[in-house]
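These numbers come from a predicted model, not from an experiment.
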Amino acid sequence: MNKTILNFGEMLWDHFPDYERPGGSPFNVTVHLHYLKQTSLLISAVGLDEAGSRLLDILVQQDAPKRFIQRIEYPTGTVSVEFDKENEPSYTIHERVAWDFIQPPDELQQISSSVDAFSFATLAQRSSTNRITLQKIFSLLPDRCLKFLDVNLRPPYVKTPVIEFSLKKCNYVKMNQSEWNKIGNLFETKSEMQLIEKFDLDGMILTLGSEGAIYFNKDGSHFVESAANINPEKGGDFVGVGDAFWACFIYHTLKKTPWQEAVQKSNLYAGWVAEQKGGIPEPDEEVLQSVR
């Protein structure tokens, strides 16, 4: 199976206390889908600086397309990552960087007509430029295209109109427990099924960290899948784990894999990333074979 997935949003450098890694949720998802042998395209922007060149070099090294990534006169995005006593990351996301100013690419109309899925997230909508570009993209997507939303609520970039717009546009949504608590309160929905009904979603993933994930389907069914066992001695940093899960879930949704198997394999893939440093570790063909 080879499908075409269009992704939109940030690509940047995660600056850890002792090292740096490429990141940004849409960038991570794009690369993981490429690892899974899909045609995975990213609409984004980097600066004219050395940091932007190095991000583009990563795509070249992975033989991944980069033609919709613009180079503009803003610095390439960076995020400062810190960890608490439980090794959970927190982020300082620097503003007025290249990915805040993404314009529709010239070939947008041509490529949009042929995509099977579109993946987007909430953080990239912190700028008015990106919100306008995103609306343009949605206007050109074919009806058959499945839309996947990753809710990534990073204060202070939590705006009700952005969340509402995004939920209305997507077929599938992923969020963690903290994000679900906020969204449930925001839209006065007391259960995940109420949210699905309110926004006419096909399905919802609730990620639970070390406790796994729950999939809720529009037909009222749901099931829980335990998280993969993680070896802490491997020195992973848990950054980008949700992105790996989401990429694998998108892959299996397009493949029409039964939901329980799709979530199980997505958990396995996320567990492998959790044991590595950074959100897009070097691909491991044995792991990839096991989750396809």
Side-chain angles (χ1 to χ4, degrees), residues 2-15 20-79 93-138 140-141 145 147-148 150 152 239-240 243-244 246-247 250 278-283:
N2 181 275
K3 300 289 186 179
T4 299
I5 303 99
L6 188 63
N7 307 277
F8 174 85
E10 64 271 18
M11 59 187 301
L12 47 83
W13 286 100
D14 286 323
H15 289 170
E20 68 173 10
R21 289 290 188 276
S25 172
F27 182 59
N28 293 344
V29 169
T30 300
V31 174
H32 284 299
L33 283 165
H34 179 70
Y35 288 170
L36 291 164
K37 307 299 184 186
Q38 304 306 294
T39 300
S40 184
L41 307 168
L42 176 62
I43 299 175
S44 189
V46 297
L48 299 172
D49 47 21
E50 184 260 349
S53 297
R54 288 192 292 123
L55 282 175
L56 294 178
D57 285 345
I58 291 168
L59 293 177
V60 171
Q61 291 163 10
Q62 300 296 345
D63 195 28
K66 63 173 186 176
R67 65 182 182 274
F68 298 136
I69 298 170
Q70 301 141 27
R71 303 206 71 171
I72 60 176
E73 293 184 351
Y74 283 90
T76 296
T78 55
V79 173
I93 306 167
H94 302 288
E95 299 185 23
R96 294 193 63 79
V97 292
W99 64 261
D100 282 315
F101 302 96
I102 305 171
Q103 300 288 339
D106 294 338
E107 308 95 327
L108 179 59
Q109 187 163 1
Q110 178 183 357
I111 187 61
S112 295
S113 64
S114 64
V115 300
D116 299 291
F118 177 60
S119 171
F120 67 112
T122 52
L123 177 60
Q125 298 178 64
R126 72 179 184 178
S127 74
S128 59
T129 300
N130 287 3
R131 293 194 293 272
I132 293 169
T133 297
L134 192 57
Q135 289 172 359
K136 177 68 172 178
I137 294 170
F138 277 119
L140 295 173
L141 294 174
C145 175
K147 293 91 172 176
F148 295 83
D150 184 5
N152 41 19
V239 172
D243 304 331
W246 198 222
I250 292 170
I280 45 171
E282 288 295 315

Participant: For Ala124 and Glu10, which heavy atoms make the closest approach, and how far apart are they?
Facilitator: CB-OE1, 3.4 Å
Participant: Look at the side chain of Ser40 and the backbone N and O of Thr30, then say whether any donor-acceptor pair between them is shorter than 3.5 Å.
Facilitator: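 Yes, because the side chain of Ser40 sits within donor-acceptor range (under 3.5 Å) of the backbone of Thr30.
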Participant: Does Gln109 have more than 12 heavy atoms from other residues, nucleotides or ligands lying within 6.0 Å of its CD?
Facilitator: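 Count not over threshold, so no.
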Participant: Nearest heavy-atom pair of Phe68 and Pro105: which atoms, and what distance?
Facilitator: CD2-CB, 3.8 Å
Participant: Report the residue from Arg21, His94, Glu20 that forms a side chain to side chain donor-acceptor pair (under 3.5 Å) with His15.
Facilitator: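 With His15 as partner, Arg21, His94, Glu20 yield a single side chain to side chain donor-acceptor pair (under 3.5 Å), made by Glu20.
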Participant: Between His32 and Pro281, which heavy-atom pair has the shortest distance, and what is it?
Facilitator: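 Scanning both residues, the minimum pair turns out to be CE1-CD, 4.4 Å.
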Participant: Using atom types as modelled and distance alone, determine if a side-chain donor or acceptor of Asn130 lies under 3.5 Å from a backbone N or O of Ile102.
Facilitator: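 At least one qualifying donor-acceptor pair exists.
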Participant: Judged by modelled atom types alone, do Thr129 and Asp100 share a side-chain donor-acceptor pair under 3.5 Å?
Facilitator: no
Participant: When you compare the side chain of Phe27 with that of Ile280, does any pair of heavy atoms fall below 4.5 Å?
Facilitator: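 The answer is yes, as the side chains (C-beta and beyond) meet within the 4.5 Å cut-off.
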Participant: Around atom CG of Asp106, are there more than 12 heavy atoms from other residues, nucleotides or ligands closer than 6.0 Å?
Facilitator: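 12 or below, so no.
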Participant: Can you pull the side-chain hydrogen bond (donor to acceptor under 3.5 Å, both in side chains) pairs that have at least one residue in residues 59-70, sequence neighbours excluded?
Facilitator: none
Participant: Mind running side-chain contact (heavy atoms from CB on, under 4.5 Å) on Phe148 and Ile5 for me, showing each step along the way?
Facilitator: CA-CA 10 Å; Phe148 295 83; Ile5 303 99; over 6 Å; no
Participant: What's the spacing between Asn28 CG and Asp14 CG if we round to 0.5 Å?
Facilitator: 7.5 Å
Participant: Can you tell me how far the CG atom of Asn7 sits from the CG atom of Leu41, to the nearest 0.5 Å?
Facilitator: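 Nearest 0.5 Å value for the CG-CG distance: 7.5 Å.
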Participant: For Leu123, is there any backbone N or O sitting under 3.5 Å from a side-chain donor or acceptor partner on Asn152?
Facilitator: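 Pair found, side chain donor or acceptor close to backbone of Leu123.
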Participant: Between Ile250 and Leu36, is any pair of side-chain heavy atoms under 4.5 Å apart?
Facilitator: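 Counting from C-beta outward, Ile250 and Leu36 never come under 4.5 Å.
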Participant: Looking at every heavy atom in both Pro104 and Thr133, which two are closest together, and how far apart are they?
Facilitator: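 Taking every non-hydrogen atom into account, CD-OG1, 3.5 Å.
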Participant: Would you say CD of Glu107 has more than 12 non-hydrogen atoms from neighbouring residues, nucleotides or ligands within 6.0 angstrom?
Facilitator: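 Correct, the count exceeds 12.
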Participant: Using modelled atom types only, decide if a donor and an acceptor are shared between the side chain of Asp49 and the backbone of Thr76 within a distance under 3.5 Å.
Facilitator: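 Present.
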Participant: So which heavy atom on Leu12 is nearest to which on Trp99, and how close?
Facilitator: CD2-NE1, 3.7 Å
Participant: Distance-only criterion, 3.5 Å: show the donor-acceptor pairs between side-chain atoms of residues 112-120 and protein atoms not counting sequence neighbours.
Facilitator:
from: Ser112; atom 1: OG; to: Leu108; atom 2: O; distance (Å): 2.7
from: Ser113; atom 1: OG; to: Gln110; atom 2: O; distance (Å): 2.9
from: Ser114; atom 1: OG; to: Ile111; atom 2: O; distance (Å): 3.0
from: Asp116; atom 1: OD1; to: Arg144; atom 2: NH1; distance (Å): 3.1
from: Asp116; atom 1: OD2; to: Thr4; atom 2: N; distance (Å): 2.9

Participant: Side chains of Leu59 and Ile69: does their closest heavy-atom pair fall under 4.5 Å?
Facilitator: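 Counting from C-beta outward, Leu59 and Ile69 do come under 4.5 Å.
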Participant: Under a plain distance cut-off of 3.5 Å, with no hydrogens placed, do Ser53 and Arg71 share a side-chain donor-acceptor pair?
Facilitator: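 Yes, a side-chain donor-acceptor pair sits under 3.5 Å.
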Participant: Are Arg126 and Ile93 packed together at the side-chain level, in the sense that at least one heavy-atom pair is separated by less than 4.5 angstrom?
Facilitator: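 In contact.
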Participant: So, do Phe138 and Lys147 sit near enough that their side-chain heavy atoms are less than 4.5 Å apart?
Facilitator: yes
Participant: What's the shortest heavy-atom distance between Leu55 and Pro22, and which atoms?
Facilitator: CD2-CB, 3.7 Å
